[in-house]
Amino acid sequence: MSFSNDNEDEKGLRIANLHVEYAAGHAPLRDFHLHVPEHSLYTIVGPSGCGKSTLLRAIAGLLSSYGGQIRFGGESLRGSGALIGFVPQNYGLLPWKTVRSNIETALKIGRPGRALQKQHEEQATHWLTAMGIADLADRYPLSLSGGQQQRVAIARAFALQPTILLLDEPFSALDALTRENVQAVFLENWRNHPTTTLFVTHDVEEAVLLGERIVVMPSKQGESADILDNPVFALDAAGKRDSDDFYRQVRRMRKVIQEKW
Ligand SMILES: Nc1ncnc2c1ncn2[C@@H]1O[C@H](COP(=O)(O)OP(=O)(O)OP(=O)(O)O)[C@@H](O)[C@H]1O
Ligand SMILES: [Mg+2]
């Protein structure tokens, strides 16, 4: 590998030899490696229980211990000061705060002193509107449906404009039409702010629609993930879903998954 490649590699998120053991002998991730170049959007698919959420939690700094390295821009992610936006599988909302306050609190903590309260309010309003839930701003999370809570969590992560965005099945609770709308908003936002992003999904079509490349996790611990190029990513949004390229790639993905899992 040339030096210039090494420098390019340094810029991204690099996970090396990641080892997570929850209990003696139970390690969903063993010797796991992944490199996500800066400003790229990778989708991740994998069988239930293979360690996708564990991987995102490790990157988000939510695991008390793990082995291996998680680096960003050539230094330890924790020490790099990179702001991480995380949409966890269970939404991770604060039940005692209103929808609006969930977003504004995240902005206050994540971006202290960087903006006035008024700007936080504007950001919250903008993203709640983009997610189609502006009318829920004063409600509490537990009074919302799963899909509504999920959209609050997405609005919160987008409002933060993080350096690294981690999404764990973020659209899984949405009906088909809302999901298509939110996917479009997500892609447009990503193109405007190409945040280094890892997006976990169980939906092969979603992985193909959204991923610049697609990470296929192994079903067995210790095996390596496959990383597939995705030509669909470069297509124009209009007609992408109905294109031959899209169907071809979905078929190819299904084949890889059948062979790998
Ligand atoms: N806090 C925990 N304590 C013990 N075991 C855990 C814990 N969290 C996850 N596990 C186990 O680790 C393995 C990986 O879990 P993880 O949640 O990362 O899977 P996943 O790939 O996200 O699955 P899914 O697609 O169902 O969300 C599973 O066997 C799970 O039971
Ligand atoms: Mg999971």
Side-chain angles (χ1 to χ4, degrees), residues 13-36 41-70 77-78 84-95 141 145-154 156-157 162 164-176 179 182-183 186 196-211 213-228 250 253-254 256-261:
L13 174 66
R14 180 170 286 286
I15 293 146
N17 306 102
L18 184 64
H19 187 97
V20 180
E21 191 164 304
Y22 283 116
H26 181 60
L29 296 173
R30 283 175 205 257
D31 199 25
F32 183 82
H33 296 260
L34 181 66
H35 174 231
V36 186
L41 164 49
Y42 280 24
T43 45
I44 303 183
V45 295
S48 182
C50 74
K52 303 179 297 298
S53 299
T54 301
L55 171 66
L56 295 199
R57 285 203 294 269
I59 300 168
L62 298 176
L63 294 184
S64 52
S65 71
Y66 60 80
Q69 297 89 43
I70 302 179
L77 175 57
R78 281 197 188 184
I84 299 176
F86 183 32
V87 179
Q89 201 164 357
N90 60 4
Y91 323 134
L93 300 174
L94 305 174
S145 73
Q148 290 168 336
Q149 290 182 49
Q150 203 163 37
R151 277 181 283 167
V152 177
I154 297 161
R156 183 175 63 179
I164 296 174
L165 182 57
L166 308 169
L167 305 120
D168 199 348
E169 300 184 42
F171 306 154
S172 59
L174 304 180
D175 65 86
R179 189 177 184 138
V182 172
Q183 283 170 339
F186 169 76
T196 307
T197 301
L198 279 175
F199 184 117
V200 170
T201 177
H202 274 295
D203 183 334
V204 171
E205 297 194 358
E206 183 166 82
V208 171
L209 271 176
L210 302 184
R213 299 179 92 190
I214 303 165
V215 180
V216 183
M217 298 280 281
S219 60
K220 291 203 192 76
Q221 301 160 355
E223 287 183 0
S224 60
D226 285 357
I227 299 181
L228 308 182
V250 168
M253 280 285 304
R254 290 199 201 288
V256 170
I257 285 171
Q258 275 160 8
E259 281 164 11
K260 197 169 172 73
W261 302 350

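Reckoned from all heavy atoms, side chains included, excluding hydrogens, waters and symmetry mates. Atoms within each ligand, like the ligands themselves, are counted from 1 in listed order. Everything numeric in this text was worked out from a predicted model, so none of it was measured.
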Distance filter under 4.0 Å to [X] heavy atoms, resulting ligand 1 atoms:
{"X": "Glu169", "result": "25 (O), 27 (O)"}
{"X": "Arg57", "result": "8 (N), 9 (C)"}
{"X": "Gln89", "result": "27 (O)"}

With a 4.5 Å limit on heavy-atom distance, are the side chains of [X] and [Y] in contact?
{"X": "Tyr66", "Y": "Leu18", "answer": "yes"}
{"X": "Leu13", "Y": "Tyr42", "answer": "no"}
{"X": "Asn17", "Y": "His33", "answer": "yes"}
{"X": "Tyr22", "Y": "Thr54", "answer": "yes"}
{"X": "Ile214", "Y": "Val256", "answer": "no"}
{"X": "Arg156", "Y": "Leu93", "answer": "yes"}
{"X": "Phe32", "Y": "Val20", "answer": "no"}

| Which bit of His202 is near ligand 1, meaning a heavy atom under 4.0 Å away: side chain, backbone, both or neither? | side chain

Minimum-distance protein heavy atom relative to [atom]:
{"atom": "atom 16 (P) of ligand 1", "value": "Thr54 OG1, 3.6 Å"}
{"atom": "atom 11 (C) of ligand 1", "value": "His26 NE2, 3.4 Å"}
{"atom": "atom 17 (O) of ligand 1", "value": "Ser53 CB, 3.6 Å"}
{"atom": "atom 6 (C) of ligand 1", "value": "Tyr22 CD1, 3.3 Å"}
{"atom": "atom 26 (O) of ligand 1", "value": "Ser48 OG, 2.6 Å"}

Backbone N/O of [Y] and side chain of [X]: donor-acceptor pair under 3.5 Å:
{"X": "Glu169", "Y": "His202", "answer": "no"}
{"X": "Lys52", "Y": "Ile44", "answer": "no"}
{"X": "Gln150", "Y": "Ala173", "answer": "yes"}

| task | Please determine if the Mg ion (ligand 2) has an N/O/S atom from Ser53 lying under 2.8 Å away. | result | yes

| query | Looking at the Mg ion (ligand 2), is one of the N, O or S atoms of Ser48 less than 2.8 Å from it? | reply | no

| message | Between ligand 1 and Met217, can you find any atom pair, the residue atom being a heavy atom, that is separated by under 4.0 Å? | response | no

| query | Does Gly49 have a non-hydrogen atom less than 4.0 Å from ligand 1? | reply | yes

| field | ligand 1 to Cys50 polar contact by distance, N or O atoms, under 3.5 Å | value | yes

| task | Output yes when the distance from some N or O of ligand 1 to some N or O of Gly51 is under 3.5 Å, and no in every other case. | result | yes

